[in-house]
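Contents: one structure, followed by commentary.
The figures here come from the full heavy-atom set of this structure, side chains too, leaving out hydrogens, waters and symmetry mates. Just so we're on the same page: letters track the sequence lines, and every chain starts at 1.
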4 protein chains.
Amino acid sequence: MSKKAIVLQTTLELITKQGIGATSLSQIIKESGVANGTVYHHFKNKEEIITELYLMLTQDFGTVVMRNIPEDDIKKQFTVMWLNLFYYFVNNPLAFIFSEQIARSPEIPQSLKDKAREYYHDIEEYFKRGVKEKVFKAYNTLVMEELFFGNVVSLVKIHENEQIKLQEKHINQAIEISWRGFLKDKTII
Amino acid sequence: MSKKAIVLQTTLELITKQGIGATSLSQIIKESGVANGTVYHHFKNKEEIITELYLMLTQDFGTVVMRNIPEDDIKKQFTVMWLNLFYYFVNNPLAFIFSEQIARSPEIPQSLKDKAREYYHDIEEYFKRGVKEKVFKAYNTLVMEELFFGNVVSLVKIHENEQIKLQEKHINQAIEISWRGFLKDKTII
Amino acid sequence: MSKKAIVLQTTLELITKQGIGATSLSQIIKESGVANGTVYHHFKNKEEIITELYLMLTQDFGTVVMRNIPEDDIKKQFTVMWLNLFYYFVNNPLAFIFSEQIARSPEIPQSLKDKAREYYHDIEEYFKRGVKEKVFKAYNTLVMEELFFGNVVSLVKIHENEQIKLQEKHINQAIEISWRGFLKDKTII
Amino acid sequence: MSKKAIVLQTTLELITKQGIGATSLSQIIKESGVANGTVYHHFKNKEEIITELYLMLTQDFGTVVMRNIPEDDIKKQFTVMWLNLFYYFVNNPLAFIFSEQIARSPEIPQSLKDKAREYYHDIEEYFKRGVKEKVFKAYNTLVMEELFFGNVVSLVKIHENEQIKLQEKHINQAIEISWRGFLKDKTII
DNA sequence: TATGAATGAGCATTCATTCAT
DNA sequence: AATGAATGAATGCTCATTCAT
């Protein structure tokens with residue numbers, strides 16, 4: 001493993017444990033066993049480490065969300081999207097932390113924040129289609145998108161905080177609640 | 001206004017602007033115009049400032065959520081609870097930041113985190129009742145509670161990030177989505 | 001007990017535990033339960049507390065050393081002086097600390113240091129007499145005095161550090177060693 | 001001279017002048033002309049500077065005491081040991097300060113204090129031999145050792161405080177007093 | 001006599017970063 | 001590519017002291 005990779009890996013672990021703000025370069029250096037100057041040989045500054053890490057973690061985000069989406073069934077599409085997002089966050093805690101902290105963190109430059117939003121484009125398209133096909137009520141797309149996203153996040157948080165041991169039935173319940181919320185009146189569920 | 005109050009107020013403003021981690025004592029001191037030692041005369045720690053601030057802001061949290069809840073109508077109760085929470089966060093950005101950062105912040109001691117959870121007791125009770133009265137489907141209470149809370153948070157975030165200028169209709173849409181999610185099958189909405 | 005007495009007592013305890021340098025006013029204030037300003041009402045500054053304490057503890061020092069000295073027997077005089085000094089230090093640990101730290105402590109003004117030396121006047125006189133009476137060899141008086149004093153101190157240190165449990169026989173051995181050192185050649189011991 | 005050496009040297013000088021407690025890092029930094037961070041690049045702590053200094057100064061302590069000890073003559077051995085110790089302290093004021101403050105200083109970790117005691121092993125052996133060979137009376141070894149050490153210290157203190165200008169004859173007197181104290185009855189001196 | 005709010009200099013330490021090798 | 005010495009601004013905190021009540 002290259003020194004650069006070691007630094008990135010160490011940083012990933014530290015941020016996952018402590019958050020972005022609490023993770024110092026000195027800590028990264030101490031923990032990774034890499035020399036001071038070596039870090040600065042590979043990265044311009046601390047921000048660049050985080051940026052690079054963020055890009056690594058999110059580059060496949062867009063594709064992940066839309067992976068294995070079935071062709072026709074809009075309900076099944078919803079479920080797959082929901083689970084894609086859920087398991088992505090569960091398996092990539094750092095991506096989750098980033099997505100949570102992204103709005104407030106001055107450590108993350110605006111350009112990256114904008115980039116992150118692009119990933120939601122597909123989700124937005126999905127809801128627009130759903131409304132057009134009269135499956136969903138004609139809610140504001142951003143509102144729908146944000147609530148959808150928030151629902152996934154809520155469940156990830158339960159999983160994270162381990163208030164209850166999350167079972168498959170709980171996940172299914174959450175998906176159902178999430179789905180029903182958007183449905184048009186009198187839709188047969 | 002006492003020096004102590006000035007420090008608290010200044011800290012409140014700075015944290016609201018920059019987050020907890022990015023707010024240093026030196027900044028608080030510079031901004032408040034209070035002397036170094038004076039801060040430490042009133043507070044044992046930097047942590048104590050934050051803790052005290054948090055307690056100030058959240059002490060009425062529990063009552064706020066349940067304020068003006070109508071007696072009988074479970075749907076109206078839902079709406080009022082939802083709006084109480086929403087406007088509480090909108091009007092108390094710091095409380096919102098705290099509630100968002102609370103899980104991950106090492107700055108906030110566990111005792112406070114536990115205290116925060118107590119406030120959700122009434123919400124939990126509400127959902128239990130709703131299930132018992134067969135208005136809501138028999139979902140896991142914690143899941144319901146967390147999704148409910150997450151929905152409000154989603155909308156506050158839209159409001160915060162000003163992606164769109166949030167109108168009353170958007171809020172109503174969000175409440176409707178939120179409400180419908182929990183409803184029992186075939187319930188007349 | 002007056003507040004002033006409380007402050008002095010607390011300071012005494014703290015210095016005995018931690019030494020002069022490590023004892024701060026804030027600590028004294030916290031430990032004594034007396035208010036900030038009250039301390040400054042009774043004492044001009046930190047130095048004055050220590051000075052006053054020092055005077056309290058050493059005012060009877062001179063008399064203590066010469067207490068119960070028998071009239072004629074120069075050997076018995078030696079023993080009593082030795083034990084007076086030894087038990088004074090054992091029972092007044094602070095006086096011991098002061099006497100040990102006195103030379104290097106900038107906290108103690110020179111005037112007090114000079115005053116402390118006066119107490120040795122009687123000891124000096126004793127040795128001068130001993131030399132004149134040809135019991136002791138004609139060593140330099142200051143050297144004798146300082147070695148005598150150092151011998152007592154050595155034993156107090158053994159007692160303090162508890163390397164061995166000090167028994168009466170050890171004390172007697174030390175006195176004997178001390179006494180014999182000064183004797184004139186061929187003196188019948 | 002490396003920056004690290006400069007820091008150690010400066011610290012040595014300052015402590016010699018003012019004592020351990022009164023020597024602050026800021027002072028060391030100012031005096032040495034080395035940057036703040038540089039000190040912390042080389043030393044973990046303020047304590048580590050002192051510890052390293054102490055180790056530097058005392059590592060040859062054991063050998064110094066036993067340097068040039070003649071083979072047979074127990075009296076001459078005594079004199080050489082005595083002078084070795086005396087001049088070591090005179091020439092290494094910091095070692096003297098350390099050895100004086102060692103018991104009470106919380107700044108010096110216990111591990112170092114223990115290490116310091118090891119150096120006395122040779123002195124202890126010497127007195128045991130002297131007792132066995134019936135040159136010395138059968139006093140407790142620790143008592144003898146401590147008094148011997150205390151005698152040297154007493155003379156160093158006279159030298160330090162410059163109460164009198166210490167001449168060779170004074171030193172010889174002190175050695176004689178010291179030596180005679182331990183002698184067995186009727187020993188021809 | 002007693003209080004405690006207020007002060008600002010000073011302390012030990014951490015931080016991100018630069019540079020010569 | 002890799003190292004680690006060097007930097008100095010900044011941080012959280014302690015200190016002795018002053019002053020109005």
(message) Judged by each residue's nearest nucleotide on DNA chain E, which is more toward the 5′ side, C:G33 or B:A35?
(response) C:G33

(message) On DNA chain E, compare the nucleotides closest to C:K4 and B:S2; which residue's is nearer the 5' end?
(response) C:K4

(message) Tell me the interatomic distance from A:L14, atom CG, to E:dC15, atom P, rounded to whole angstroms.
(response) 12 Å

(request) Using whole Å, report how far NZ of D:K3 lies from P of F:dG4. (result) 19 Å

Heavy-atom side-chain contact between [X] and [Y] under 4.5 Å:
| X | Y | value |
| --- | --- | --- |
| C:L25 | C:I49 | yes |
| B:E13 | B:E31 | no |
| D:L8 | D:F43 | yes |
| D:I50 | D:I15 | yes |

Think [X] has a side-chain N or O under 4.0 angstrom from the OP1 or OP2 of [N]?
| X | N | result |
| --- | --- | --- |
| B:T38 | E:dA5 | no |
| B:H42 | E:dG4 | no |
| C:H41 | E:dT1 | yes |

Pairs under 3.5 angstrom only: tabulate donor-acceptor contacts from the side chains of residues 32-42 of chain C to other protein residues two or more places apart or in another chain.
| unit_1 | atom_1 | unit_2 | atom_2 | d |
| --- | --- | --- | --- | --- |
| C:S32 | OG | C:I28 | O | 2.8 |
| C:S32 | OG | C:I29 | O | 3.4 |
| C:S32 | OG | C:V34 | N | 3.3 |

(message) For a quick check, with a 4.0 angstrom heavy-atom cut-off, what is the B/S/- contact string for nucleotides 11-16 of chain F, read 5' to 3'?
(response) SSBBSS

(message) Nearest 0.5 angstrom please: D:L94 CG to D:I20 CD1, how far?
(response) 7.0 Å

(request) Sort out for me which residue in A:T16, A:V156, A:N91, A:L57 forms a side chain to side chain contact (heavy atoms under 4.5 Å, CB included) with A:F96. (result) A:V156

(message) Could you spell out the base pairing of DNA chain E as a dot-bracket line? Use Watson-Crick and G-U wobble contacts where both distances are under 3.5 Å, [ ] for crossing pairs, | for partners on a different strand.
(response) .||||||||||||||||||||

(request) May I ask you to decide if the ring planes of D:F61 and D:F89 are parallel, tilted or perpendicular, using 30° and 60° as cut-offs? (result) tilted

